[in-house]
Novice: 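Before I ask anything, let me first share the structure, which is written out below as structure tokens.
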2 protein chains.
Amino acid sequence: MENLLKKASLKNTKQRSYILSVIMTSEGPIAAEEIYKSLLNENKKINLSTVYRTINVLSEKGVLLKTIREDGTASYQLNDLSHNHYLTCCVCHSSVLMDDCPIVELSERISKETGYKVTGHSLQLIGVCPNCLKNNYKK
Amino acid sequence: MENLLKKASLKNTKQRSYILSVIMTSEGPIAAEEIYKSLLNENKKINLSTVYRTINVLSEKGVLLKTIREDGTASYQLNDLSHNHYLTCCVCHSSVLMDDCPIVELSERISKETGYKVTGHSLQLIGVCPNCLKNNYKK
DNA sequence: ATAATTGCAAACACTTTGCATTTAT
DNA sequence: ATAAATGCAAAGTGTTTGCAATTAT
């Protein structure tokens with residue numbers, strides 16, 4: 001964890017390690033407010049701005065992968081090979097996590113085509129869940 | 001265009017057709033505010049709320065594909081086979097359009113696995129553009 | 001020592017909502 | 001006729017920012 005911070009050339013503060021540990025133990029991509037509340041629950045005092053600033057810098061540095069949910073809130077997870085994406089129902093807004101990511105190969109191809117160094121991505125599938133299908137798209 | 005509205009069982013109002021025509025002639029995914037300004041430029045009077053309400057309902061009905069940009073603003077395009085995705089630089093926030101979409105096949109597989117009817121997706125690659133690479137990630 | 005980070009409060013930007021009026025079916 | 005859509009203004013929500021105080025190197 002200190003490694004991650006060093007790699008990003010960021011100072012190792014207790015707030016940052018709190019934030020990282022929440023992200024690392026989270027089931028899926030997690031939003032700023034959720035990180036914040038999770039820390040308050042553990043009696044780790046922190047300011048919400050600090051959470052925002054930290055996840056921003058970490059995702060700019062490529063440590064975190066930023067995914068924006070259908071409602072526009074940003075969520076974050078470690079930028080490793082085993083990260084997840086959501087499939088979200090556009091009727092009832094429920095989500096399921098998909099268990100793999102199809103973008104890895106694509107990234108390399110696009111890198112060559114554009115000259116960009118591709119460091120991450122945001123992917124989310126939208127659909128209608130079985131339940132809403134059954135109820136004819138009624139909420 | 002009236003077809004699209006009928007398919008979504010929505011009334012055919014002039015505001016809606018204005019909005020659709022802007023989206024159809026746009027280069028890539030376009031945001032609410034941009035649609036709004038584009039219409040004002042053409043002296044088509046419309047309210048920003050109407051734009052928001054229209055694109056929301058159209059994307060819920062699967063007519064539009066909603067993509068959320070790295071800054072959290074939602075952008076919209078027709079949900080057809082030839083839609084585009086962005087590759088955005090996380091340092092200077094410049095974007096390029098990628099010229100195809102790798103998600104079509106994935107969608108079918110996920111449909112079978114989850115029971116969801118997959119109606120769309122949001123994909124965006126994040127990276128560092130050639131220029132920012134050259135400047136060592138400095139803005 | 002000093003440059004980076006944090007907390008706080010205030011500002012911001014995008015988006016949504018309630019309600020009265022207008023419009024398409 | 002009536003249910004849906006629009007305009008307006010006001011509120012909401014997630015996020016960012018300026019600045020003084022604190023902290024890691």
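In what follows, every chain begins at residue 1, and chains take the letters A, B, ... in the order their sequences are listed. Computed from a predicted model, the values in this text were never measured in an experiment. These values consider heavy atoms only, across backbone and side chains, with no hydrogens, waters or symmetry-generated copies.
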Novice: In degrees, rounded to 10°, what is the bend between the two ends of the helix from dA1(C)-dT25(D) to dT25(C)-dA1(D), using five pairs at each?
Specialist: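 Between the axes fitted at each end of the helix from dA1(C)-dT25(D) to dT25(C)-dA1(D) lies an angle of 50°.
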
Novice: Check the side chains of Thr67(A) and Gln124(A) for a donor-acceptor pair under 3.5 angstrom, ignoring hydrogens and angles.
Specialist: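 Short answer, no.
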
Novice: Calculate the interatomic distance between Tyr36(A) atom OH and dG14(D) atom C1'; express it in whole Å.
Specialist: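 About 14 Å, once rounded to whole Å.
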
Novice: Which residue pairs pass the side chain to side chain donor-acceptor pair (under 3.5 Å) test when at least one of the two sits in residues 19-45 of chain A, sequence neighbours left out?
Specialist: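 Residue pairs with at least one partner in residues 19-45 of chain A: Glu34(A)-Arg69(A), Glu42(A)-Lys44(A).
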
Novice: Can a salt bridge be assigned to the pair Lys6(B) and Glu2(B) using a cut-off of 4.0 Å between side-chain N and carboxylate O?
Specialist: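 The answer is no: the pair does not qualify as a salt bridge.
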
Novice: Lys61(B) has an atom NZ; how far is it from atom P of dA4(D), in whole Å?
Specialist: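 Atom-to-atom, Lys61(B) to dA4(D), this comes out as 11 Å.
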
Novice: Whole-Å distance between dT6(C) C1' and Tyr18(A) OH?
Specialist: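 After rounding, the gap between these two atoms is 13 Å.
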
Novice: Using whole Å, what does the distance between atom C1' of nucleotide dT15(D) and atom CD of Glu34(A) come to?
Specialist: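 It works out to 15 Å between those atoms.
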
Novice: Show, in sequence, the C-alpha distance, side-chain angles and deciding distance for His83(B) and Cys101(B), and conclude whether the side-chain contact (heavy atoms from CB on, under 4.5 Å) test is met.
Specialist: CA-CA 7 Å; His83(B) 61 256; Cys101(B) 168; 3.2 Å; yes

Novice: Between P on dT5(C) and CD1 on Ile55(A), what's the gap in Å once rounded to a whole number?
Specialist: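 Ile55(A) atom CD1 is separated from dT5(C) atom P by 15 Å.
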
Novice: Mark up nucleotides 20-25 of chain D, 5' to 3', with B wherever a protein heavy atom is under 4.0 angstrom from a base atom, S wherever such an atom reaches only the sugar-phosphate, and - elsewhere.
Specialist: ----BS

Novice: How many Å lie between CD1 on Ile35(A) and P on dG14(D), as a whole number?
Specialist: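 Ile35(A) atom CD1 is separated from dG14(D) atom P by 14 Å.
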
Novice: Over how many whole Å does the gap from Leu40(B) atom CG to dG7(D) atom C1' extend?
Specialist: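 After rounding, the reported distance stands at 13 Å.
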
Novice: Could you write nucleotides 8-17 of chain C as a row of B, S and -, 5' to 3', where a protein heavy atom under 4.0 Å of any base atom gives B, of only sugar-phosphate atoms gives S, and otherwise -?
Specialist: BB----SBBB

Novice: Name all residues meeting the side chain to side chain contact (heavy atoms under 4.5 Å, CB included) criterion together with Leu97(B); count only those two or more places apart in sequence or in a different chain, and write none if there are none.
Specialist: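 By the side chain to side chain contact (heavy atoms under 4.5 Å, CB included) rule, Leu97(B) matches Pro29(B), Asn84(B), Tyr86(B).
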
Novice: In chain order, what residues pass the side-chain hydrogen bond (donor to acceptor under 3.5 Å, both in side chains) check against Gln77(B), with sequence neighbours excluded?
Specialist: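 Result, side-chain hydrogen bond (donor to acceptor under 3.5 Å, both in side chains) vs Gln77(B): none returned.
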
Novice: Any side-chain N or O of Gln15(B) below 4.0 angstrom from OP1/OP2 of dG7(D)?
Specialist: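 Checking Gln15(B) against dG7(D): at least one side-chain N or O falls below 4.0 Å of OP1 or OP2.
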
